[in-house]
Amino acid sequence: MKLNSEAKEIYKAIKNEIKRRIQLRESLAYLEKFSLTNNREEILRRQRYLKENLPKISEELKPLLSKIRPIRFRREYLHDRLLVVSEEEFEKAKALNICDVSLEPEEGYDLILSTADYGIDVELSISEIAPELYIMPLWENRETLKALASIGRILNSPSVAEEILTELRRLEKVAKRREILENLDEIVRREEQRLNTKIEEMLKEFSLTLSGKELLEFLKELKSGNYQAIFSHFSQVENEILREIRKSEERLSKLLNLDVEVFSRDNLYPVEVSPETVELLRTELEKETKIEMYLVNREILRKIKPLLPKLKEELQRAYELEFLRAVKEFTEGFVFPEIASGGVAFINGRHLFIENPQPVSYVVGNVASFDGTSGERIVILTGANSGGKTSLLELITQIVLLTHMGLPVPAEKAWVEPLDELFFFRRKRSSYGAGAFETALKAFARALTKEGKKLILIDEFEAITEPGAAVKIIGELLKVAHEKGFYVVIVSHLGEDLKRELSFARVDGIEAEGLDENLNLIVDRQPKFGKLGKSTPELIVERLAKKKRGKEKEIFERVWRAFKESQD
């Protein structure tokens with residue numbers, strides 16, 4: 001379907017209204033599948049799809065869908081493991097490009113995997129050699145999996161995310177161990193501090209009786225800082241300290257799931273763990289954790305791998321659901337138009353971008369019957385300034401575009417014929433003179449070229465040239481449109497003159513009915529079919545006469561009286 005620039009702007013605005021409601025970037029691709037088409041069967045197919053799926057969308061899906069994130073299984077080269085294989089498998093193993101490969105074990109790796117009975121037995125596949133590449137993205141996206149599981153329950157369509165989450169719980173223990181490993185320094189120093197505090201309390205409570213000679217020897221040792229000799233006087237308290245050290249190490253061993261002996265027995269106070277000891281402990285713990293992590297990941301992957309293709313489908317379905325949710329939110333209260341022949345019509349259409357718009361019914365062509373119409377394809381829309389004529393052209397455009405996207409339209413009922421081209425010529429308020437007139441004339445003429453089903457909407461073409469010339473020019477152009485079977489709605493203040501020129505055209509009118517208590521125009525924006533609309537300038541003059549002050553007020557009152565006298 002071909003559009004001119006003004007129609008494209010409205011099409012873009014419609015798409016932006018849907019886009020701003022879409023929470024997931026991946027769902028935007030579905031909007032592109034609803035680009036404009038004039039294929040009747042394709043429009044009907046889209047309508048059937050939406051009619052089937054929109055009722056499934058409930059409000060409770062919105063917060064769940066907002067939590068969905070892509071789960072991407074990254075391909076990485078892992079430097080922490082060595083794969084030992086036979087000569088026959090060497091080239092195939094290298095081609096996997098997943099980790100170092102060797103024909104025999106080597107030092108410097110946390111994990112030794114092998115297909116040749118050297119280390120942990122594996123099969124020659126990425127899922128066996130590096131199961132973490134599958135499992136860790138799932139672990140990191142547990143919120144997405146929980147959301148998919150909840151969505152499945154709401155839609156009464158059980159999700160494989162439930163089973164995957166159950167298996168992933170087996171990682172909690174090893175994940176906690178990794179967290180401990182990251183905080184190892186703090187954990188050891190905290191236990192060290194706790195132990196020293198305990199020893200200080202023991203020493204404060206300890207009492208000792210010494211002979212004079214023993215006392216002199218004790219003071220000498222104390223002065224020299226010979227704590228080991230001092231502690232020889234305190235075998236009882238020494239045993240208590242050693243008991244506390246063992247308790248601390250048992251506590252660390254249980255926490256780290258590893259037998260540890262980190263406190264020195266040579267210097268019992270203050271106890272301390274050397275940085276070298278902490279690093280040795282870290283190295284051993286990292287290796288143990290890596291092995292455990294690998295084995296748990298591999299076991300989980302063996303169970304859930306068959307579920308991953310279905311998980312991918314569910315993620316894609318979630319993106320589709322989010323698109324549908326946004327469409328449902330945007331089209332709340334809309335109706336699917338009937339794909340008809342003979343023109344465009346709607347009952348109680350509502351402008352998309354006007355707050356609390358007055359519903360308007362309208363018809364162009366012979367697609368539906370309204371009192372005062374006879375299937376005219378050429379319509380001249382007349383009436384009051386600020387009466388909603390331009391807004392009506394925009395509404396027609398919106399309904400036609402939404403129909404050609406396959407979406408519902410803002411009306412109680414609508415009929416739309418699939419069109420090949422839509423032209424909307426919006427009035428350029430700042431464009432006057434010969435140049436502007438020539439540009440507008442060429443654009444209108446281009447719209448009349450070629451054949452096909454066309455809808456042409458024109459907003460006050462005559463505003464850029466003299467009224468007398470405009471009647472002749474517009475009249476001839478509309479005759480060409482009529483001869484070619486195009487649909488045209490033109491906003492004009494020259495309705496009476498054009499009607500005399502064009503017997504085949506219908507003239508509709510929008511009229512102002514008076515002023516309200518705030519001196520605002522009261523306008524019924526529903527056009528009267530087949531009736532010329534008065535622009536009612538006297539109401540504008542009346543409003544100014546009542547609102548202005550001083551000399552200006554006197555001038556407008558005089559003009560208003562002249563209007564009234566001419567009507568008497």
Side-chain angles (χ1 to χ4, degrees), residues 71-86 89-90 92-142 144-146 160-184 187 252-260 279-311:
I71 300 178
R72 297 188 174 94
F73 300 111
R74 302 175 293 272
R75 184 71 176 269
E76 296 177 16
Y77 193 92
L78 304 179
H79 297 278
D80 63 346
R81 64 200 64 190
L82 177 70
L83 177 62
V84 182
V85 298
S86 64
E89 296 173 313
F90 187 79
K92 184 178 179 182
K94 290 285 285 185
L96 291 176
N97 195 33
I98 200 69
C99 69
D100 292 347
V101 180
S102 176
L103 296 175
E104 56 185 35
E106 298 175 12
E107 295 293 327
Y109 296 94
D110 294 323
L111 286 168
I112 302 294
L113 311 175
S114 177
T115 62
D117 299 326
Y118 281 110
I120 300 173
D121 289 337
V122 296
E123 296 176 7
L124 200 57
S125 69
I126 293 176
S127 61
E128 284 279 304
I129 298 165
E132 300 95 325
L133 298 184
Y134 294 87
I135 299 303
M136 294 319 296
L138 294 170
W139 174 259
E140 292 161 2
N141 285 279
R142 295 191 300 286
T144 292
L145 295 174
K146 290 174 186 176
V160 296
E162 296 268 18
E163 188 174 342
I164 292 172
L165 282 167
T166 299
E167 292 298 325
L168 286 176
R169 290 193 191 102
R170 299 166 62 185
L171 267 178
E172 290 174 359
K173 184 178 177 182
V174 67
K176 186 176 181 181
R177 197 173 182 189
R178 288 182 66 177
E179 184 179 338
I180 289 171
L181 181 58
E182 291 173 2
N183 299 298
L184 184 61
I187 291 169
L252 286 172
S253 296
K254 186 176 181 180
L255 181 64
L256 303 178
N257 195 28
L258 187 72
D259 290 334
V260 299
E279 284 309 305
L280 286 172
L281 178 60
R282 189 193 311 282
T283 300
E284 186 176 358
L285 192 59
E286 281 180 345
K287 186 172 183 180
E288 290 287 330
T289 304
K290 279 275 178 68
I291 293 171
E292 184 181 4
M293 178 65 77
Y294 167 79
L295 291 173
V296 174
N297 273 271
R298 188 175 71 172
E299 193 172 344
I300 293 172
L301 184 57
R302 285 175 176 175
K303 290 195 173 183
I304 69 168
K305 191 176 180 183
L307 305 178
L308 296 183
K310 182 67 166 60
L311 178 65

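Within a 6.0 Å radius of NZ in Lys310, other residues, nucleotides and ligands contribute more than 12 heavy atoms. For Glu163, the CD atom counts as loosely surrounded, since its 6.0 Å shell holds 12 or fewer non-hydrogen atoms of other residues, nucleotides or ligands.
For the atom pair CD of Glu89 and NZ of Lys92, the computed distance is 7.5 Å after rounding to the nearest 0.5 Å. The CG atom of Leu96 lies 11.0 Å from the NZ atom of Lys94; values are rounded to the nearest 0.5 Å. Residue Leu301 holds its CG atom at 10.0 Å from CG of Leu133, rounded to the nearest 0.5 Å.
Between the side chain of Tyr109 and the main chain of Asp80, no donor-acceptor pair closer than 3.5 Å is present. When atom types are taken as modelled, the side chain of Arg81 and the backbone of Ile129 share a donor-acceptor pair closer than 3.5 angstrom. At least one donor-acceptor pair closer than 3.5 Å links the side chain of Tyr77 to the backbone N or O of Asp100.
By the side chain to side chain contact (heavy atoms under 4.5 Å, CB included) test, Leu311 pairs with Ile71, Leu138, Leu145, Leu148, Val160, Ile164, Leu308, sequence neighbours left out. A search for ring-ring contact (aromatic ring centres under 6.0 Å, His included) contacts involving Phe90 returns nothing, not counting sequence neighbours.
Across all their heavy atoms, Ala130 and Leu78 have their closest contact at CB-CD1, 3.5 Å. Contact between Ile120 and Arg298 at its shortest, heavy atoms only, is CG2-NH1, 3.8 Å. Of all heavy-atom pairs spanning Ala116 and Ser86, the tightest one is CB-N, 4.4 Å. Minimum heavy-atom separation, Glu167 to Ile300: O-CD1, 3.5 Å. Considering every non-hydrogen atom in both Pro309 and Pro306, the closest pair reads CD-O, 3.5 Å. Heavy atoms only, all atoms of each residue included: Tyr134 and Phe73 are closest at O-CE2, 3.1 Å.
In this structure, the side chains of Met293 and Leu171 come closer than 4.5 Å at one or more pairs of heavy atoms.
For the pairing with Leu83, the side-chain contact (heavy atoms from CB on, under 4.5 Å) check across Leu124, Ile112, Ile98, Leu111 returns one residue only, Leu124.
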